[in-house]
Amino acid sequence: MDFQEINEQFNQRFNQGTKSIEDRNREFEASQALPVLMRKVYTWMCLALGITALTAYGAANSPTMMEIIYSNQIFYFGLILAELGLVFYISARLEKISLTTGTLLFALYSALNGLTLAVILFAYSPMVIAKTFLVTAGTFGAMAFVGYTTKRDLSNFGGLLIMALIGIIIASVVNIFIKSETFDLIICYVGVIIFVGLTAWDVQKIKTMLQLSGDVGEAGQKIALRGALALYLDFINLFLYLLRIFGRNK
């Protein structure tokens, strides 16, 4: 073996070793970034839930506000359309807008949601609402833990759950006309199952995306913000379906 061959082998091994070190460094940075970003996910989600709760409480304790919201159907449905528009806008444009703008829009959406949900403080007793919140929080926490720790790929289940969600939305619209209490109860139980599953699926998806982002820069934080919005929606919907179930026994 001549000197040139020895030199080439040395260079190959050196380059492989350098790449290996770089890969290890990237993996280390990603592992350090993941817990930081996951904390941001849950912090943003909890802040959004807090904004929703405070807005709902404030609106429910303001006769003027309640009259404005619920005495005018056009205004009420305008709020719902504004909520839907904000969700679609944030989801579609988050990569194009700044992180600050995205955060403010998420907060605005949470407040609008609080206005439309204020009526539940009149429809259900405080005891039922408190019990439902505790059950929702416990169920959500358990499924979030499952989604974060499981080694099983939940992506296939996610597709099925989304299709099932579309199904219960259609069923809910149909039940507006047939007004069957039994059918409504079935929809509620199916809705609980769907959002329990979606919670685990979303957490696993968020974890995977954050691992791929590799750092705590703006791109990674936008992924965390999008994840917070998804989990916020999971929590709210799970809470509402459980409330309709527990509220029957009030």
Side-chain angles (χ1 to χ4, degrees), residues 49 52-53 55-57 59-60 65-88 91 109-110 112-144 146-147 154 156-202 229-250:
L49 290 172
T52 299
T55 304
Y57 181 80
M65 183 64 72
M66 293 301 291
E67 183 177 358
I68 292 172
I69 296 172
Y70 295 104
S71 65
N72 189 332
Q73 287 190 342
I74 295 176
F75 184 80
Y76 179 74
F77 286 109
L79 285 177
I80 294 176
L81 290 175
E83 287 184 58
L84 293 173
L86 271 176
V87 168
F88 287 124
S91 300
Y109 170 75
S110 305
L112 290 176
N113 204 25
L115 291 177
T116 57
L117 294 178
V119 70
I120 68 173
L121 297 177
F122 295 100
Y124 301 97
S125 70
M127 184 64 69
V128 170
I129 293 173
K131 179 177 72 172
T132 304
F133 179 82
L134 290 175
V135 172
T136 303
T139 305
F140 180 91
M143 296 313 298
V146 170
L154 301 178
N156 292 331
F157 292 101
L160 294 173
L161 290 169
I162 293 297
M163 288 190 291
L165 177 59
I166 295 171
I168 65 164
I169 291 173
I170 295 172
S172 298
V173 173
V174 171
N175 201 42
I176 292 175
F177 300 99
I178 63 176
K179 298 179 180 179
S180 169
E181 290 190 8
T182 302
F183 191 37
D184 182 66
L185 185 60
I186 293 171
I187 289 172
C188 290
Y189 278 110
V190 174
V192 168
I193 294 170
I194 288 173
F195 282 101
V196 163
L198 283 176
T199 298
W201 177 59
D202 279 332
L229 175 59
L231 294 182
Y232 168 87
L233 292 172
D234 290 339
F235 190 99
I236 289 292
N237 281 285
L238 180 60
F239 172 78
L240 292 176
Y241 279 118
L242 286 171
L243 187 62
R244 285 162 61 184
I245 294 171
F246 294 149
R248 293 170 183 271
N249 300 319
K250 68 178 181 177

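Nothing here was measured: the structure is a model prediction, and the numbers come from that model. In what follows, every heavy atom counts, from backbone to side chain, and hydrogens, waters and symmetry copies are set aside.
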Subject >> Side-chain (Thr52) to main-chain (Ser110) donor-acceptor, under 3.5 angstrom >> reply: yes

**OP:** Please report the C-alpha distance between Asn156 and Leu160 in whole Å, then the side-chain angles of each, then the deciding distance to 0.1 Å, and finally whether the side-chain contact (heavy atoms from CB on, under 4.5 Å) criterion is met.
**Re:** CA-CA 7 Å; Asn156 292 331; Leu160 294 173; 5.9 Å; no

**OP:** Mind checking side chain to side chain contact (heavy atoms under 4.5 Å, CB included) for Ile178 and listing every partner two or more places apart, or none if nothing turns up?
**Re:** Val174, Asn175, Ser180, Phe183

Subject >> Non-hydrogen atoms of Trp201 and Leu154 that approach each other most closely >> reply: CD1-O, 3.2 Å

Original post:
Taking Leu198 as the fixed residue, which of Ile162, Leu231, Ile193 is the one that meets the side-chain contact (heavy atoms from CB on, under 4.5 Å) rule?
Top reply: Ile162

Report, one line per pair, each donor and acceptor closer than 3.5 Å where one atom sits in a side chain of residues 234-242; sequence neighbours left out.
unit_1	atom_1	unit_2	atom_2	d
Asn237	ND2	Leu233	O	2.7

Original post:
Of the non-hydrogen atoms in Val190 and Ile168, which two are nearest, and what is the gap between them?
Top reply: CG1-CG2, 3.5 Å

**OP:** Would you please name every residue forming a side chain to side chain contact (heavy atoms under 4.5 Å, CB included) with Val119, sequence neighbours left out?
**Re:** Tyr70

Original post:
Can you list every pair that meets side-chain hydrogen bond (donor to acceptor under 3.5 Å, both in side chains) and has a residue in residues 182-192, with sequence neighbours left out?
Top reply: Asp184-Arg244, Asp184-Arg248

Subject >> Greater than 12 external heavy atoms within 6.0 Å of Met65's CE >> reply: no

Original post:
What distance do Ile129 atom CD1 and Ile120 atom CD1 have between them, rounded to the nearest 0.5 Å?
Top reply: 5.0 Å

Original post:
Where is the tightest heavy-atom contact between Met66 and Ala59, given as atom of each residue plus distance?
Top reply: CG-O, 3.1 Å

Original post:
Taking all atoms of both residues into account, what is the closest heavy-atom pair of Leu161 and Gly197, and its distance?
Top reply: CD1-C, 3.4 Å

Original post:
Rounded to the nearest 0.5 Å, how far apart are CZ of Phe140 and CZ of Phe133?
Top reply: 10.5 Å

Donor-acceptor pairs under 3.5 angstrom involving side-chain atoms of residues 75-87: please list them, not counting sequence neighbours.
unit_1	atom_1	unit_2	atom_2	d
Glu83	OE2	Thr116	OG1	2.9

Subject >> Closest contact, heavy atoms only, Ile245 versus Cys188 >> reply: CG1-CB, 3.6 Å

Original post:
Where do Leu229 and Ser91 come nearest, in terms of heavy atoms and distance?
Top reply: CD2-OG, 4.2 Å

Original post:
Among side-chain atoms of Thr132 and Tyr124, is any donor-acceptor pair under 3.5 angstrom?
Top reply: no

Original post:
Got a sec, which residues hit ring pair (Phe, Tyr, Trp, His ring centres under 6.0 Å) with Phe157, two or more places apart in sequence or on another chain?
Top reply: none

